[in-house]
J.: 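Before I ask anything, here is the structure I am working with.
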Amino acid sequence: MSCVSRRFLRRRVKKESRMMRVGESFCPGILHAVQAKDGLLTRIRVPGGMITPSQLTAVAELSASFADGNVDITSRSNIQLRGIQTKDLSSLVHGLELAGFIPSPLHDRVRNIVASPFAGLGFGEILDTQAFVRELDRRLVADQVMAGLPPKFSFAIDGGGPWFGRDRDDLAIRAVNVDNTPLFHLAIGGTLSGFGVRVDRAVDCILESARMCVEISKELEMPARGKRIASVPRAVNRLLDALSGFLVTCPFPDGSSDVGDMPVGISPCERVGFVNLVPSVPLGRLTAEQTLSIASIAKRWDGDIRLAPWRGVVFGSVPESSISQITATLAAVGLSSDGKDGYRGVAACAGSTGCDASLADVRRDASLLARRLAGRCAQPGWTVNISGCEKQCAMRSGATAELIASSSGYSLRINGQFIASNCSLESAIDNVAACQAEIPIEVFS
């Protein structure tokens with residue numbers, strides 16, 4: 001066993017997932033629509049959450065014409081469209097192809113690259129990761145081996161600024177400063193390795209890591225997922241030994257830069273006279289009208305638009321003098337910019353309207369909770385998961401409050417402690433509201 005492997009294994013912290021897994025065939029793409037209760041569902045990969053106003057406009061128009069008129073943002077900063085009828089699927093796919101969302105049909109489902117939505121916007125980062133995201137995506141789709149990655153396999157590239165609570169990416173590199181020289185610290189399946197890679201070799205290293213995950217999967221007949229590989233000594237030894245030519249000893253990233261989910265409001269920008277704006281996106285879902293409004297704002301004020309891993313959006317580098325106009329435009333289509341609409345930190349699955357397994361209309365119930373919480377401003381890190389069944393699909397781990405529907409009510413956990421089972425929605429909302437009231441208010445700035 002190499003020194004690299006031994007040191008990694010000493011730091012390995014085993015975590016058990018409560019999420020039930022489904023087959024990879026159920027993971028959607030543009031060219032891999034899957035059947036849901038409300039129709040076909042497609043997922044559009046948007047590496048790094050970097051999307052142009054024209055692409056966002058195309059998504060909104062296509063959803064209005066060929067889906068249910070909504071645009072869902074995922075926790076990997078991708079987009080989902082639902083309620084698609086079979087007769088409309090080919091038209092939708094053609095429109096998405098014209099908008100530039102299918103650079104390689106073989107890699108339709110594997111371009112999962114997560115980055116901070118504030119990359120390059122002057123938010124305390126060590127490195128601007130935009131160029132790294134683009135290079136990784138370009139080389140990913142040029143490599144046929146990468147098409148063999150599992151559809152849920154995700155890469156993360158963190159520039160060293162605030163990081164928004166992701167610990168489940170298969171492969172991640174996080175920028176750190178070592179004697180005033182930036183390095184990227186390597187993490188596998190959410191576990192920091194204690195080793196880094198030079199900036200100029202970072203994309204080579206992460207691609208070789210992914211290639212080895214595919215190879216190890218075949219050799220050891222195991223899933224090619226970071227958490228699984230990191231938990232099996234023989235597998236992680238094989239991976240880290242293969243990477244030893246890239247790796248150097250590296251300090252751990254500063255954990256104090258980790259930020260809770262769903263910031264809302266105005267933040268500084270590196271450009272004088274400009275700011276970043278984060279509106280609320282209730283339950284990660286925009287209507288086509290709201291999506292068109294966001295695209296129009298970004299185009300009018302020549303700002304960056306980013307999809308965010310808290311299932312939201314960021315307007316980057318917009319004129320500070322135009323903020324009142326922008327927030328008024330957003331308010332006109334029902335999007336708050338002050339974090340007091342009650343949705344901050346609240347997440348829900350598709351619920352009974354979109355999933356046969358769900359035992360409750362959790363999106364409706366989440367909206368009722370939001371009405372109760374409206375007018376407050378919870379600090380980042382306060383989160384609520386509302387799930388339609390025990391599978392808790394796509395829910396964040398470690399939420400402040402967890403509501404899980406059963407045939408006779410909700411099971412409720414707060415701060416990891418079991419509170420009640422089969423309780424009414426009203427009782428659950430009362431408990432969650434009381435929990436939030438105990439947390440100090442903090443405005444994102």
J.: Contact between Ile173 and Phe132 at the side-chain level, heavy atoms closer than 4.5 Å - yes or no?
T.: no

J.: Provide the closest heavy-atom pair for Ala235 versus Met222 in the form atom of the first, atom of the second, distance.
T.: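 Closest pair (atom of Ala235, atom of Met222, distance): CB-SD, 3.8 Å.
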
J.: Do Gln417 and Asn415 pair up side chain to side chain, a donor and an acceptor below 3.5 Å, judged on atom types alone?
T.: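 No, no side-chain donor-acceptor contact under 3.5 Å.
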
J.: Sub-3.5 Å donor-acceptor pair from the side chain of Arg306 to the main-chain atoms of Pro117, do we have one?
T.: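 Checking the backbone N and O of Pro117 against the side chain of Arg306, a donor-acceptor pair under 3.5 Å is found.
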
J.: Salt-bridge test for Asp143 and Arg211: reply yes if a basic N is under 4.0 Å from a carboxylate O, no otherwise.
T.: yes

J.: Check the pair Asn112, Lys152 against side chain to side chain contact (heavy atoms under 4.5 Å, CB included), reporting the backbone distance first and the verdict last.
T.: CA-CA 8 Å; Asn112 299 304; Lys152 293 183 181 295; 5.8 Å; no

J.: Please give me the minimum heavy-atom distance between Ala428 and Leu412, naming the atom from each residue.
T.: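 For Ala428 versus Leu412, the nearest heavy atoms are CA-CD2, 4.4 Å.
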
J.: Is it the case that the side chain of Glu97 and the backbone of Ile102 share a donor-acceptor pair, with hydrogens and angles ignored and the cut-off at 3.5 Å?
T.: no

J.: Could you walk me through whether Phe315 and Ile294 pass the side chain to side chain contact (heavy atoms under 4.5 Å, CB included) check?
T.: CA-CA 9 Å; Phe315 289 100; Ile294 288 171; 3.7 Å; yes

J.: Do side-chain atoms of Arg311 reach the backbone of Ser75 as a donor and acceptor pair under 3.5 angstrom?
T.: no

J.: Where the side chain of Ser358 meets the backbone of Ser352, is there a donor-acceptor pair that is under 3.5 Å apart?
T.: yes

J.: Under 4.5 Å between any side-chain heavy atoms of Val71 and Leu81, yes or no?
T.: yes

J.: Take a 6.0 Å sphere around CZ of Arg234 and say whether it holds more than 12 heavy atoms from other residues, nucleotides or ligands.
T.: no

J.: With respect to Arg82, which candidate in Asn70, Thr353, Asp38, Thr42 satisfies the side chain to side chain donor-acceptor pair (under 3.5 Å) definition?
T.: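 Among the candidates, only Asp38 passes.
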
J.: Under 4.5 Å between any side-chain heavy atoms of Pro282 and Val346, yes or no?
T.: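 Counting from C-beta outward, Pro282 and Val346 never come under 4.5 Å.
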
J.: Considering residues at least two apart in sequence or located in another chain, which fulfil the side chain to side chain donor-acceptor pair (under 3.5 Å) criterion with Thr86?
T.: none

J.: Give the minimum heavy-atom separation between Gly196 and Cys250, together with the two atoms involved.
T.: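 In terms of heavy atoms, the two residues are closest at N-CB, 3.2 Å.
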
J.: Just how far is it from atom OG of Ser217 to atom CZ of Phe153, taken to the nearest 0.5 Å?
T.: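 Reported to 0.5 Å precision, the distance equals 10.5 Å.
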
J.: Given 3.5 Å as the limit, does a donor-acceptor pair link the side chain of Thr383 with the main chain of Gly345, or not?
T.: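 Such a contact is absent between Thr383 side chain and Gly345 backbone.
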
J.: At their closest point, which heavy atom of Ile206 faces which heavy atom of Ala156, and how far apart are they?
T.: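 Closest pair (atom of Ile206, atom of Ala156, distance): CD1-O, 4.4 Å.
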
J.: Give the C-alpha distance, both sets of side-chain angles, the deciding distance and a yes or no for side chain to side chain contact (heavy atoms under 4.5 Å, CB included) between Ser387 and Val362.
T.: CA-CA 7 Å; Ser387 305; Val362 296; 6.0 Å; no

J.: Report the distance from atom CG of Asp302 to atom CD1 of Ile297, rounding to the nearest 0.5 Å.
T.: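 If we round to the nearest 0.5 Å, Asp302:CG and Ile297:CD1 are 14.0 Å apart.
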
J.: Taking the side chain as every heavy atom from C-beta outward, state whether Ile51 and Ile79 have any atom pair closer than 4.5 Å.
T.: yes

J.: For the backbone of Pro53 and the side chain of Thr57, can you confirm whether one donor and one acceptor N or O come within less than 3.5 Å of each other?
T.: yes

J.: What do the steps show when you test Asp304 against Phe118 for side chain to side chain contact (heavy atoms under 4.5 Å, CB included), and what is the final call?
T.: CA-CA 10 Å; Asp304 285 329; Phe118 294 103; over 6 Å; no

J.: Would the distance check show the side chain of Thr129 and the main-chain N or O of Ala119 forming a donor-acceptor pair, the cut-off being under 3.5 Å?
T.: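 It does not hold such a pair.
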
J.: State whether the number of non-hydrogen atoms from other residues, nucleotides or ligands found under 6.0 Å of Lys37 atom NZ is greater than 12.
T.: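 Enclosed.
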
J.: Closest approach of Val110 and Pro150, non-hydrogen atoms and distance?
T.: CG1-O, 4.2 Å

J.: From Glu270 CD over to Asp128 CG, what is the distance, rounded to the nearest 0.5 angstrom?
T.: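 With rounding to 0.5 Å, CD (Glu270) is 7.5 Å from CG (Asp128).
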
J.: Taking all non-hydrogen atoms of both residues, which atom of Val432 and which atom of Ala401 are closest, and how far apart?
T.: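 Smallest heavy-atom distance, with atoms named: CG2-CB, 4.1 Å.
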
J.: Is there side-chain contact between Asn276 and Ile266, with at least one heavy-atom pair below 4.5 Å?
T.: no

J.: Looking at side-chain heavy atoms only, is the closest gap between Phe184 and Ile157 below 4.5 Å?
T.: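 Side-chain contact under 4.5 Å: yes.
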
J.: What is the distance from atom CG of Leu207 to atom CZ of Arg201, rounded to the nearest 0.5 Å?
T.: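 One finds 12.5 Å between CG of Leu207 and CZ of Arg201.
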
J.: Is the shortest heavy-atom distance from the side chain of Leu40 to the side chain of Gln35 under 4.5 Å?
T.: yes

J.: A side-chain contact here means heavy atoms from C-beta on lying under 4.5 Å apart; do Leu240 and Ile188 qualify?
T.: yes

J.: For Asp241, does its backbone N or O pair with a side-chain atom of Ser244 as donor and acceptor, under 3.5 Å?
T.: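 Side chain of Ser244 to backbone of Asp241: a pair is present.
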
J.: Say whether, by atom type as modelled, one donor and one acceptor occur between the side chain of Gln85 and the main chain of Gly39 under 3.5 angstrom.
T.: no

J.: Do Ser154 and Asp169 have a side chain donor and acceptor closer than 3.5 Å?
T.: yes

J.: Could you give the distance from CD (Gln130) to OG (Ser116), rounded to the nearest 0.5 Å?
T.: 10.0 Å

J.: Tell me, please, which residues at least two apart from Pro182 pass side chain to side chain contact (heavy atoms under 4.5 Å, CB included).
T.: Ile126, Leu127, Asn177, Val199

J.: Determine whether a donor-acceptor pair (N or O, by modelled atom type, separation under 3.5 Å) exists between the side chain of His32 and the backbone of Cys27.
T.: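 Answer holds: no.
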
J.: If I take atom CD1 from residue Ile229 and atom CG from residue Asp170, how far apart are they, to the nearest 0.5 angstrom?
T.: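 Reported to 0.5 Å precision, the distance equals 8.0 Å.
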
